[in-house]
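It should be emphasised that the depicted structure is a prediction, and the values quoted were computed from it without experimental measurement. For the single chain, residues carry numbers from 1 onward in sequence order.
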Amino acid sequence: MKVLQGIFLLIFCAVISVSTVFAAGLEDMVREHTLKNGMKVLLVERHTSPTVAAWIRFKVGSVDERSDERGIAHLLEHMLFKGTKTLGTTDYVKEKPLLDALEKTAQSLMAEKLKRESADPKKLAELSGKLAAQEAAAGKYVVKNEVSRIYDKNGGNNYNAFTGKDSTAYMISLPANKLELWAVLESDRLRNAVLREFYTERNVVMEERRRSYDSDPQGKLWESFLAAAYQAHPYGQPIIGWMSDLENLSRTKAESFLHRYYAPVNAVVAIVGDIDPDKTITMVEKYFGSLPPGVPVPPVATVEPRQLGERRIEIREDAEPQFMIGYHKPTIPDPDDYTFDVITMLLADGKNSRLYKKLVVEKQLASDVSAFYGPGSRYANLFVISAVPRSPHTMREVEEAIYAELEILKKEPVSQRELQQVLNKLEADEIQSLSSNGGLAYRLTEYESVAGTWRYLTEHRAKVAKVTPAEVMNAAKKYLVPDNRTVAFITKREATR
């Protein structure tokens with residue numbers, strides 16, 4: 001036994017040594033530069049391959065939308081691939097008046113639809129026909145996917161974007177000698193974006209909503225779960241927006257949101273790969289330095305009220321049973337957030353985790369179990385446990401088994417061995433996630449925008465390593481209680497629980 005403990009200690013120390021060297025190296029590797037307009041640039045010189053990953057992350061997401069803008073951040077993610085005044089069009093001078101006329105018609109159509117039962121059917125038909133004709137006329141000038149084709153022609157890959165609760169990011173990987181092309185295209189997108197084909201793309205997003213939420217049981221479960229867990233804070237609203245929100249989004253609203261927030265003062269850029277940092281800074285200054293700073297995204301003032309009792313949501317669908325259990329918890333930099341990193345990995349990260357071994361392997365109550373926290377990290381969030389019962393076992397059986405494990409967490413101190421295993425896995429996962437240029441660019445921009453500093457990357461491991469068994473017990477007792485719990489579950493329409 002002592003031999004095994006010694007081997008384990010050697011492995012643990014080796015992992016810690018590697019991660020410590022990596023963290024220290026990252027501190028030395030990252031070069032920071034802030035433009036006069038507020039754009040933060042993070043550079044990492046890596047010559048492992050003649051490639052570079054370039055990310056732009058804006059500190060604006062769906063949490064920053066007003067009630068009449070829900071879904072606008074996600075829709076803008078789509079729209080910013082449509083081109084600019086020079087790209088994506090054969091003649092913007094001729095296209096622009098058509099787009100302006102089209103917008104007036106769209107505004108009139110939405111206003112008439114808002115009358116609901118009092119709307120004039122004849123007017124609706126007339127405006128709908130007029131809008132379709134104007135979209136067709138403007139569409140004659142559209143050059144589809146022009147920016148994507150330019151990147152493809154020049155060896156680019158992974159050209160994509162995503163919208164979250166907390167931020168919106170655009171990324172590309174390309175040959176190092178094509179980095180200036182990225183600067184030309186992305187600075188043009190920030191300066192001269194044109195939201196052409198807006199209402200056509202809005203229809204695409206509405207169809208995405210039907211497919212991924214309205215017609216998908218898992219999408220419904222997640223959306224209903226968040227709506228129940230958050231009664232006041234915008235974290236409870238869907239990133240894609242409700243269907244009625246989408247139906248009333250206009251190009252005018254989107255342009256207003258774009259011009260307010262998608263600007264240097266809210267942007268974090270990470271360039272990782274085969275670069276010369278000094279030359280890269282000069283290039284970024286050349287193309288992005290003259291952009292107006294924009295308006296800082298204001299913090300969300302709403303604070304979710306303390307939950308006073310368990311909330312339960314049932315979704316009846318023709319789908320296999322599954323459920324989510326969520327507990328409100330603080331976010332970074334609260335010390336309890338680091339404690340929940342330990343709790344999450346301890347309970348359900350991998351086949352050696354407590355819930356997986358107990359529910360999936362030993363008792364075979366569930367076919368799957370996982371734990372995570374979300375839906376964002378800028379504001380207080382949720383610790384979530386998700387499980388799929390294994391027939392013939394019921395959700396109630398699985399749910400009670402989970403609560404039994406949480407009670408153990410409250411009453412019995414976590415062993416030092418378990419804490420070390422958690423830390424080992426965390427170290428390995430983090431190092432692996434940062435091994436690629438894109439992975440490192442992702443993390444740098446994420447933590448700079450959400451945590452306020454990319455150094456969270458190097459500080460995180462050390463703070464998690466200081467979490468004690470007593471802190472785990474105290475956090476479990478404080479947060480993992482029925483009054484702080486929201487449960488959402490899917491049952492088959494013909495099934496009884």
Side-chain angles (χ1 to χ4, degrees), residues 22-23 25-35 39-61 77 80-81 145 147-164 166-190 262 264 266-289 291 429-451 453-458 460:
F22 179 83
L26 189 61
E27 286 278 1
D28 295 332
M29 290 166 62
V30 178
R31 173 101 172 256
E32 296 184 53
H33 180 77
T34 303
L35 279 60
M39 178 178 279
K40 185 70 170 285
V41 184
L42 305 172
L43 306 105
V44 177
E45 184 178 2
R46 275 179 167 178
H47 299 295
T48 53
S49 69
T51 60
V52 63
W55 281 58
I56 301 179
R57 189 186 293 259
F58 297 97
K59 304 174 192 177
V60 55
E77 174 207 316
L80 289 182
F81 285 95
N145 304 316
V147 175
S148 179
R149 284 201 301 272
I150 291 172
Y151 274 133
D152 287 345
K153 186 178 179 180
N154 287 275
N157 59 78
N158 298 323
Y159 178 49
N160 213 332
F162 63 81
T163 305
D166 297 330
S167 64
T168 305
Y170 294 83
M171 70 289 300
I172 181 73
S173 296
L174 66 172
N177 62 358
K178 298 296 182 179
L179 184 58
E180 189 165 9
L181 173 67
W182 165 83
V184 171
L185 295 177
E186 298 306 318
S187 62
D188 183 42
R189 171 151 60 176
L190 284 178
Y262 290 71
N266 298 316
V268 179
V269 174
I271 303 173
V272 180
D274 188 17
I275 61 171
D276 178 316
D278 290 330
K279 291 181 180 179
T280 303
I281 288 172
T282 299
M283 181 196 68
V284 172
E285 286 278 8
K286 175 182 177 182
Y287 291 101
F288 294 92
L291 291 168
D429 289 348
E430 288 188 347
I431 291 173
Q432 183 177 7
S433 72
L434 303 178
S435 61
S436 68
N437 290 341
L440 180 52
Y442 170 84
R443 294 298 181 191
L444 289 172
T445 57
E446 178 183 38
Y447 293 131
E448 184 68 32
S449 63
V450 173
T453 174
W454 63 267
R455 287 178 174 79
Y456 180 89
L457 271 171
T458 59
H460 179 246

Margin query: How long is the straight-line distance from CG of Asn160 back to OG of Ser173, given to the nearest 0.5 Å?
Written below: 10.5 Å
Item checked: Side-chain (Asp276) to main-chain (Lys279) donor-acceptor, under 3.5 angstrom -> yes
Note to self: Is the shortest side-chain heavy-atom distance between Asn266 and Val60 below 4.5 Å?
What the structure shows: no
Checklist line | Distance (rounded to the nearest 0.5 Å) between Glu446 CD and Arg443 CZ | finding: 5.0 Å
Notebook entry, point to check: Mind checking what makes side chain to side chain donor-acceptor pair (under 3.5 Å) contact with Thr280, not counting sequence neighbours?
Noted result: none
Item checked: Any Thr51 side-chain heavy atom under 4.5 Å of Asp274 side chain -> no
Checklist line | Separation of Ile271 CD1 from Ile56 CD1 (nearest 0.5 Å) | finding: 8.5 Å
Next item on the list: List the atom of Ala441, the atom of Trp55, and the distance in Å for their closest heavy-atom pair.
Entry: CB-CD1, 3.3 Å
Check: Is any side-chain heavy atom of Arg31 closer than 4.5 Å to a side-chain heavy atom of Glu45?
Finding: no
Check: Of all heavy-atom pairs between Pro264 and Leu291, which one has the smallest distance, and what is that distance?
Finding: CG-CB, 3.7 Å
Notebook entry, point to check: What residues, two or more places apart in sequence or in another chain, satisfy ring-ring contact (aromatic ring centres under 6.0 Å, His included) together with Trp182?
Noted result: Phe288
Check: Of all heavy-atom pairs between Leu179 and Ala54, which one has the smallest distance, and what is that distance?
Finding: CD1-CB, 4.4 Å
Note to self: Please give me the minimum heavy-atom distance between Gly156 and Pro175, naming the atom from each residue.
What the structure shows: N-CD, 4.3 Å
Next item on the list: Indicate the atoms forming the closest heavy-atom contact of Ala161 with Glu77, along with that distance.
Entry: O-OE2, 3.4 Å
Notebook entry, point to check: How long is the span from the OG1 atom in Thr163 to the CZ atom in Phe58, to the nearest 0.5 Å?
Noted result: 11.0 Å
Next item on the list: Begin with the C-alpha distance, continue with both residues' side-chain angles, and end with the deciding distance and a verdict on side-chain contact (heavy atoms from CB on, under 4.5 Å) for Val41 and Ile281.
Entry: CA-CA 8 Å; Val41 184; Ile281 288 172; 5.6 Å; no
Next item on the list: Just jot down the salt bridge (charged side-chain N to carboxylate O under 4.0 Å, His left out) partners of Lys40, sequence neighbours excluded, or say none.
Entry: Glu32, Glu448
Checklist line | Residue pair Asp152 / Tyr159, side-chain heavy-atom distance below 4.5 Å | finding: no
Next item on the list: Output yes when a side-chain donor or acceptor of Thr445 lies under 3.5 Å from a complementary backbone atom of Val268, and no otherwise.
Entry: no
Next item on the list: Nearest 0.5 Å please: distance from the CE atom of Met171 over to the CG atom of Asn437.
Entry: 14.0 Å
Notebook entry, point to check: Side chains of Tyr447 and His460: closer than 4.5 Å at any heavy-atom pair?
Noted result: no
Note to self: For a side-chain contact (heavy atoms from CB on, under 4.5 Å) check, start with the C-alpha distance between Thr282 and Glu285, then their side-chain angles and the critical distance, and finish with the verdict.
What the structure shows: CA-CA 5 Å; Thr282 299; Glu285 286 278 8; 5.8 Å; no
Note to self: Whether the Tyr287 and Glu180 side chains hold a donor-acceptor pair (N or O, under 3.5 Å, no angle test) is what I'd like checked.
What the structure shows: yes
Check: Taking C-beta and beyond as the side chain, do Leu457 and Leu444 meet within less than 4.5 Å on heavy atoms?
Finding: yes
Margin query: Does any part of the side chain of Leu190, heavy atoms only, come nearer than 4.5 Å to the side chain of Met39, both counted from C-beta?
Written below: yes
Margin query: To the closest 0.5 Å, what do you measure between CE (Met29) and CG (Leu440)?
Written below: 6.5 Å
Check: Is the Lys NZ or Arg CZ of Arg57 less than 6.0 Å from the centre of Tyr442's six-membered ring, within 45° of the axis?
Finding: yes
Margin query: On a heavy-atom basis, which atom in His47 and which in Ile275 lie closest, and how many Å separate them?
Written below: CE1-O, 3.5 Å
